[in-house]
Each structure stands twice: as C-alpha cells, then as structure tokens.
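To start, the structure under review is shown below, and the notes come after it.
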Amino acid sequence: MKIATFNINGIKARIETLPRWLDEAQPDVALLQEIKSVDEAFPREIFEERGYTVETHGMKSFNGVAILSKLPLEDVTRGLPGDDNDEQARYIEATVMGERPIRVCGLYLPNGNPAPGPKYDYKLAWMKRLQARAETLLAQEEPFLMAGDYNIIPQDEDAAKPEDWQEDALARPESRAAYRRLLNLGLTEAFRARNKMAGMYSFWDYQAGAWNRNNGIRIDHFLLSPQCADLLLDCQIDKEERGRSKPSDHVPVWIDLAA
DNA sequence: ATGGTCGCTGGGCGA
C-alpha cells in the first residue's frame with residue numbers, strides 16, 4: 001500500500017497539478033495539507049471520479065487538511081485532542097481498511113515563526129498535544145502513522161544551509177527537542193530509516209531562486225508506530241514535482257507498506 | 001541584498 005503526504009499550498013491553485021500527480025504516482029492514500037478551503041468548496045468530485053474517498057477538515061483561507069483514499073475509511077476524526085479552544089484546522093485521523101487496518105493521522109504542524117512569541121508558544125503546545133495523542137495510540141499496539149508537514153528540520157543535514165535556520169522556529173533547539181521526544185516514544189521516521197544519504201529535501205521556498213539553487217529543507221515526515229514500521233518497504237520523495245509547472249513549494253513524500 | 005514569491009482574497013496576512 002502506497003501512502004503519500006503532500007502539502008499542496010492551496011487546492012484552488014493546484015486544481016490541475018494535484019490530479020496529474022495522483023494519476024502518475026497512484027497513491028492508495030494521500031494526506032493533504034494546506035488545502036486552504038472550507039469543506040463545502042473542496043472539489044471532491046475531481047478525486048471521487050478517480051476512485052478516492054474524500055475526507056476534509058478545512059477552514060477559510062488558511063491551513064486545512066484532507067485524506068484521499070482508494071480503500072474504505074472508518075472512524076474519521078477531525079482536530080487534535082487537548083484544546084477545545086483551538087480552531088485551526090490542522091489534524092485529521094482515519095482508519096484505512098486494507099488487508100491490515102492502519103490508523104493514519106494527517107497533520108499540518110504550526111510554523112511557529114516568529115520565535116520566540118505567541119505563535120511559537122502555540123507550536124510547542126501543539127506538539128505537546130501531538131505527543132499525548134501518540135502515547136494514546138501507541139498503547140493500542142496497532143499499526144498507525146503520523147504524517148504531514150511537521151514544520152521541523154530534524155537535523156542540520158536536513159537543510160542545505162543549516163546556518164540560515166538556527167534561530168528559526170523550524171530548527172530551534174526547543175522545536176527539535178519536542179520532535180525528538182516524539183521519536184523517543186518508539187516511532188520510526190520512515191525516510192531516515194530507508195535513506196542514508198543527506199541532502200534530500202521536501203520544501204523549497206518560492207523566493208530567491210531556492211529551487212534552482214537547491215536551497216531546500218526536509219520538513220515533511222512519516223512517523224510510524226512499531227507495528228507499522230514492521231511493514232515498511234520503502235520511503236521516497238517525489239522531488240521532480242518541484243520543477244514542474246505551477247508547483248507547490250512542498251513536494252510529495254510517500255511510503256510503501258506491506259499491507 | 002532586511003529583498004525576494006506565492007496563495008487567498010479583495011487589504012494584508014501567512015509562509
């Protein structure tokens with residue numbers, strides 16, 4: 001089973017790019033971030049006619065996540081538990097009913113800039129809630145994954161120019177420590193588990209010719225529970241998408257599971 | 001080089 005994560009940076013702007021990528025890459029499941037659309041305006045027919053079930057958790061203008069799946073979805077939940085006052089649409093979960101059911105959590109972790117400040121406090125608080133959710137799911141000892149735009153550069157090798165990011169919310173020590181605490185629960189970061197080579201990125205800024213200079217960062221990740229990691233066959237980045245017409249500033253990352 | 005470029009939206013914010 002092929003599961004992908006893709007921060008599309010606006011469904012309206014990706015109305016041709018996204019279906020073309022789906023037709024070529026043929027993921028069974030696609031976790032989308034930054035749909036930047038309310039649920040009612042999401043063009044679900046485009047995906048349904050390709051055989052996908054569509055579940056969205058959107059809001060006006062910003063953020064928004066979605067799950068596309070060729071397999072049935074059960075127990076869809078929207079929003080990250082732990083703060084009833086959080087109105088930002090950044091999290092969705094569902095169980096993919098393949099031969100082995102897998103709980104998938106699609107997330108758009110807060111950017112957190114400028115740091116320090118209230119936006120950074122929100123990011124760290126959100127990561128604490130994500131930690132709690134991971135602990136709850138781990139206790140069930142079933143296959144699950146948390147994937148999406150983490151807005152975290154895990155290590156210096158995950159940035160072309162790490163010196164540019166030292167004070168940034170994506171790479172500050174508190175950000176990296178919170179991400180490391182997640183991993184230390186026993187989750188496997190799929191790309192690092194399957195690729196030894198550094199210099200692989202998932203985001204290139206639109207500004208200052210970042211793509212042409214390969215000035216990228218790796219911030220889109222798959223974290224797998226032990227039972228899910230046992231099924232991991234491969235993890236790759238569809239880097240070439242960034243060089244095509246009307247690209248998102250992120251590219252898809254995908255895993256292949258023996259499930 | 002304190003800029004640069006996108007997307008959503010309809011002015012300015014977010015990234």
Side-chain angles (χ1 to χ4, degrees), chain A residues 5-21 30-44 46 56-66 80 86-91 106-127 130 147-154 158-172 174-176 178-179 201-221 237-253:
Chain A
T5 178
F6 191 3
N7 181 324
I8 60 174
N9 190 21
I11 185 60
K12 299 172 189 70
R14 234 53 69 199
I15 201 71
E16 297 186 3
T17 304
L18 179 57
R20 198 254 312 129
W21 169 73
L31 306 172
L32 307 180
Q33 300 89 41
E34 284 206 86
I35 64 173
K36 296 187 175 182
S37 165
V38 293
D39 296 333
E40 305 75 54
F42 191 84
R44 51 191 309 126
I46 294 178
T56 61
H57 180 40
M59 60 185 286
K60 186 176 165 66
S61 304
F62 306 118
N63 307 322
V65 289
L80 179 62
D86 185 359
E87 303 201 336
Q88 298 193 31
R90 296 179 172 277
Y91 190 84
L107 64 97
Y108 175 45
L109 206 146
N111 175 294
N113 281 303
K119 290 191 175 181
Y120 193 55
D121 295 340
Y122 174 66
K123 176 177 196 159
L124 295 179
W126 205 95
M127 294 186 77
L130 187 63
D149 178 359
Y150 278 75
N151 269 313
I152 295 282
I153 302 168
D158 299 311
K161 298 172 69 177
E163 64 275 14
D164 286 358
W165 298 92
Q166 287 201 351
E167 305 298 322
D168 193 281
L170 277 61
R172 292 172 69 89
E174 307 96 306
S175 304
R176 287 183 170 175
Y179 180 78
Y201 311 123
S202 65
F203 169 93
W204 295 260
D205 201 289
Y206 288 124
Q207 301 182 66
W211 167 247
N212 288 327
R213 298 162 194 251
N214 194 27
N215 181 15
I217 53 178
R218 197 172 68 87
I219 57 176
D220 300 271
H221 309 300
I237 298 175
D238 283 349
K239 177 180 182 176
E240 65 281 1
E241 286 298 313
R242 188 62 178 79
R244 306 184 84 150
S245 63
K246 276 288 253 174
S248 171
D249 42 6
H250 294 250
V251 295
V253 181

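As the structure is a computational prediction, the values presented were derived from the model and not from experiment. In what follows, chains carry the letters A, B, and so on, assigned in the order in which the sequence lines appear, proteins first and then strands, with residues in each chain numbered from 1.
Residues forming a side-chain contact (heavy atoms from CB on, under 4.5 Å) with Lys123(A) (at least two apart in sequence, or on another chain): Leu109(A), Pro110(A), Tyr120(A), Met127(A), Asn151(A), Ile152(A), Ala169(A), Leu170(A), Ser175(A). For Arg176(A), the salt bridge (charged side-chain N to carboxylate O under 4.0 Å, His left out) test picks out Asp156(A), with sequence neighbours left out. Every residue meeting the side-chain contact (heavy atoms from CB on, under 4.5 Å) condition with Ala41(A), not counting sequence neighbours, appears here in chain and number order: Ser37(A), Val38(A). Remark: Asp164(A) pairs with Lys161(A) by the salt bridge (charged side-chain N to carboxylate O under 4.0 Å, His left out) rule, at least two apart or across chains. For Phe203(A), the ring-ring contact (aromatic ring centres under 6.0 Å, His included) partners two or more places apart in sequence, or in a different chain, are His250(A). For Trp165(A), there are no ring-ring contact (aromatic ring centres under 6.0 Å, His included) partners at least two apart in sequence or on another chain. By the ring-ring contact (aromatic ring centres under 6.0 Å, His included) test, Phe42(A) pairs with Phe47(A), sequence neighbours left out.
The interatomic distance linking Asn151(A) (CG) with dA15(B) (C1') rounds to 8 Å, in whole Å. The distance between atom CZ of Phe203(A) and atom P of dA15(B), rounded to the nearest whole Å, is 11 Å. Rounded to whole angstrom, the span from the CD1 atom of Ile152(A) across to the P atom of dA15(B) amounts to 14 Å. When the C1' atom of dA15(B) is taken as reference, atom CD1 of Ile153(A) falls 13 Å away, rounded to whole Å. The interatomic distance linking Leu170(A) (CG) with dA15(B) (C1') rounds to 10 Å, in whole Å. The distance from atom CE of Met59(A) to atom C1' of dG14(B) is 11 Å, rounded to the nearest whole Å. With rounding to whole Å, Ile217(A) atom CD1 is found 10 Å from dA15(B) atom C1'. As rounded to whole Å, 11 Å separates atom P of dA15(B) from atom CD1 of Ile219(A).
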Worksheet item: How would nucleotides 2-8 of chain B be written as a contact map, 5' to 3', with B for base contact, S for sugar-phosphate-only contact and - for no contact, using protein heavy atoms under 4.0 Å?
Response: --BBSSS
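Nearest-nucleotide positions on DNA chain B place Arg213(A) closer to the 5' end than the other of Arg213(A) and Asn63(A).
The gap from the P atom of dT9(B) to that of dG14(B) amounts to 14 Å, rounded to the nearest Å. Using C1' as the reference atom, dA15(B) and dG3(B) are 16 Å apart when rounded to the nearest Å.
Within 4.0 Å of Arg90(A), counting heavy atoms only, lie sugar-phosphate atoms of the nucleic acid but no base atom.
Other residues, nucleotides and ligands contribute at most 12 non-hydrogen atoms within 6.0 Å of the CD atom of Glu87(A).
Within a heavy-atom distance below 4.0 Å of DNA chain B, the residues of residues 106-116 of chain A found are Tyr108(A), Asn111(A).
Distance check: Arg14(A) CZ to Arg20(A) CZ gives 11.0 Å after rounding to the nearest 0.5 Å.
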